[in-house]
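Atoms within each ligand, like the ligands themselves, are counted from 1 in listed order. FYI, side chains are in, hydrogens and waters are out, and symmetry mates aren't considered; it's all heavy atoms of this structure.
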Amino acid sequence: MPAPNIETIVSLSKRRGFVYPASEIYGGLGSSWDYGPLGVELANNIKKSWWNWLVYERDDIEGLDSSIIQNRLTWKYSGHETTFSDPLVDCRACKGRFRLDKLLDVQCPNHPAVHPGDDKECDLTEAREFNVMFRTTVGAVASDEDESALAYLRPETAQGIFINFANVLNTSRRKLSFGRAQIGKAFRNEVTPGNFIFRTREFEQMEMEYFVRPEDAPRIHQEWIDGFQDWIKSLGISDSNLSLYEQSDKELAHYAERTVDIMYRYFPEREEEDKQWDELMGIANRTDYDLRVHSKKPEDAEGKRINADSTDDLSYFDTQTNERFYPYVIEPAIGVNRTLLAVMMDAYTEKTNEKGETRVILKLTPELAPIKVAVLPLAKNKPEITELAKKLRRDLQPSMRAVYDDTGGIGKLYARQDEIGTPFCVTVDHESLEDNAVTVRDRDTWEQERVSIETLKEYLEKRLS
Ligand code: ATP
């Protein structure tokens with residue numbers, strides 16, 4: 001049973017230290033969020049899983065970490081300066097401002113029971129385009145209006161990969177197909193942010209650009225669509241909460257030949273099934289658009305484009321066929337924050353104990369769990385027991401994230417660990433001092449097993465793997 005709605009995760013996150021509203025003591029900042037002690041561990045584990053799967057487990061993908069602020073020309077030639085915009089509408093009645101294609105995500109300020117446009121009093125203007133790139137200035141400038149110093153915070157990590165295409169090729173000397181992976185912050189001045197960490201103005205992306213021969217692109221695109229569904233399921237997300245969405249010709253970005261979104265059921269509370277889904281990730285066939293537009297060539301084979309500013313040609317020379325061409329690129333792009341939200345929603349479970357009390361269990365996979373094991377003393381006033389528990393924690397820590405907690409009765413301590421997804425609790429009791437053994441409790445079954453201290457690390461490693 002996943003979380004019934006996003007609100008359930010918002011309150012769990014705040015209560016347990018996953019995610020807090022940003023700038024809270026100053027009244028907050030619309031849709032900005034800070035990641036607490038558990039949230040940062042969970043996000044790091046998601047990023048590690050993605051990186052391991054793409055960069056370490058394969059031998060055709062390498063990493064990159066490019067700058068957030070690039071030369072403005074990057075965004076001129078990529079097309080973002082002219083096309084990276086959302087359709088914005090104002091409501092003359094409530095004075096609200098909304099993104100036309102996301103009205104469903106927000107409530108009408110005057111009539112919260114309906115979405116903007118749904119009440120007879122709503123009076124929406126015609127849509128106009130609003131560029132969502134954040135502007136800034138670089139260096140000491142006379143005024144913010146100084147256009148020569150204008151720069152942008154990147155709205156996606158992908159362009160950093162494209163403009164480094166030749167740099168990396170020259171050092172890695174790979175043959176097609178190959179990929180470049182990057183994780184980093186991206187910024188979009190979203191018209192309608194909201195739904196907790198689903199849509200924010202500052203977020204983190206995991207993007208991989210996979211360069212292929214043009215004729216291989218459709219097949220390899222499909223392979224990544226299939227592959228990513230498997231990776232997402234490996235995070236513990238159930239099949240029944242995932243679906244695919246094929247973008248229509250009208251929805252496709254101007255550079256894309258085909259884009260398939262992997263959708264997650266973020267809104268299970270909505271009555272109509274088709275309104276329950278929203279995008280978790282997009283997997284696009286971006287054709288050779290990006291490498292071409294950043295290339296210095298005065299014009300391409302079709303005489304299409306001129307880039308007078310670039311100093312490099314980002315084409316690829318195939319030594320076997322003696323052909324020079326621009327590779328196509330397949331781009332699986334996923335947000336860390338949206339993944340974290342989907343993971344938490346799917347892991348959320350409620351279970352009733354023998355006293356009839358409802359307990360929350362976050363059934364995170366051991367790979368993602370922020371804490372792998374909690375060591376708990378049964379008698380916190382007995383130094384022999386607390387010292388032994390603290391020592392066990394220290395001994396476990398190098399191989400797994402372990403914590404010690406003696407701030408409550410054992411029932412409360414177990415409940416706390418269940419709620420944050422800790423797969424195992426280790427309890428040290430009076431008997432432990434005699435038999436050199438501890439009790440290991442399983443988060444999901446609540447079953448307990450006596451394990452000797454000597455074999456504890458090995459036992460836990462095995463069950464966590
Ligand atoms: P949407 O249609 O929801 O605005 P998008 O199609 O513009 O998203 P992409 O440009 O494909 O998004 O970005 C790739 C991924 O980055 C998305 O699938 C999502 O996981 C994440 N992402 C994009 N925008 C945001 C945002 N404002 N907040 C959080 N994550 C985001």
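Among protein heavy atoms, the minimum distance from atom 29 (C) of ligand 1 is reached at F198 O, 3.1 Å. At the shortest separation from atom 28 (N) of ligand 1 among protein heavy atoms lies T200 N, 3.1 Å. Q205 NE2, 3.3 Å is the protein heavy atom nearest to atom 13 (O) of ligand 1. The protein atom (non-hydrogen) at minimum distance from atom 1 (P) of ligand 1 is R199 NH1, 3.5 Å. For atom 10 (O) of ligand 1, the closest non-hydrogen atom on the protein side is R188 NH2, 2.9 Å.
Within the cation-pi definition used here (under 6.0 Å to the ring centroid, within 45° of the axis), R286 qualifies as a partner of Y255.
When non-hydrogen atoms are compared, ligand 1 lies under 4.0 Å from neither the backbone nor the side chain of Q247. Only the backbone of L280 comes within contact range of ligand 1, with a heavy atom under 4.0 Å; no side-chain atom does. The side chain of R338, and not its backbone, has at least one atom closer than 4.0 Å to an atom of ligand 1 (non-hydrogen atoms only; side chain from C-beta on). Proximity of E156 to ligand 1, defined as any heavy-atom pair under 4.0 Å, is not found for any part of the residue.
A side-chain N or O of S49 and one of W231 form a donor-acceptor pair less than 3.5 Å apart. Between the side chains of T8 and N5, a donor-acceptor pair is found at a separation under 3.5 Å. Y264 and D346 share a donor-acceptor pair across their side chains, judged by distance under 3.5 Å alone. In this structure, a donor-acceptor pair under 3.5 Å is present between the side chains of E121 and H111. Side-chain atoms of S66 and Q182 form a donor-acceptor pair, as typed in the model, at a separation below 3.5 Å. Between N337 and Y35, the side chains place a donor N or O and an acceptor N or O closer than 3.5 Å (distance only, hydrogens not considered). Judged by distance alone, the side chains of Y328 and D216 never bring a donor and an acceptor atom under 3.5 Å apart. In this structure, a donor-acceptor pair under 3.5 Å is absent between the side chains of S32 and E202.
Listed by atom number, the atoms of ligand 1 under 4.0 Å from G335 heavy atoms are 15 (C), 16 (O), 19 (C), 20 (O), 21 (C). Short contacts between ligand 1 and E190, defined as distances under 4.0 Å to a heavy atom of the residue, involve ligand atoms 24 (N), 26 (C), 27 (N). Of all the atoms in ligand 1, the ones that sit under 4.0 Å from a non-hydrogen atom of A333 are 14 (C), 15 (C), 18 (O). Here is the list of ligand 1 atoms found below 4.0 Å of a heavy atom in M281: 18 (O). Taking a cut-off of under 4.0 Å to the non-hydrogen atoms of G282, the atoms of ligand 1 that pass are 18 (O).
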Could you give me the CA-CA distance, side-chain angles and deciding distance for R180 and E207, then say whether salt bridge (Lys or Arg N to Asp or Glu O under 4.0 Å) is met? CA-CA 8 Å; R180 312 258 182 264; E207 293 197 296; over 6 Å; no
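Distances shorter than 4.0 angstrom occur between a heavy atom of R99 and an atom of ligand 1.
Ligand 1 has an N or O atom lying under 3.5 Å from an N or O atom of E279, backbone or side chain. For ligand 1, none of its N or O atoms has an N or O atom of I197 under 3.5 Å away. Taking distance alone, with nitrogen or oxygen atoms compared against 3.5 Å, F203 stays at or beyond that limit from ligand 1. In terms of polar-atom proximity, E207 is not counted as a contact of ligand 1, lacking any N or O under 3.5 Å from an N or O of the ligand.
The only member of F198, F196, Y20 that meets ring pair (Phe, Tyr, Trp, His ring centres under 6.0 Å) when paired with W33 is F196. With respect to F211, the ring pair (Phe, Tyr, Trp, His ring centres under 6.0 Å) criterion is satisfied by exactly one of Y316, Y326, F178, F325: F178.
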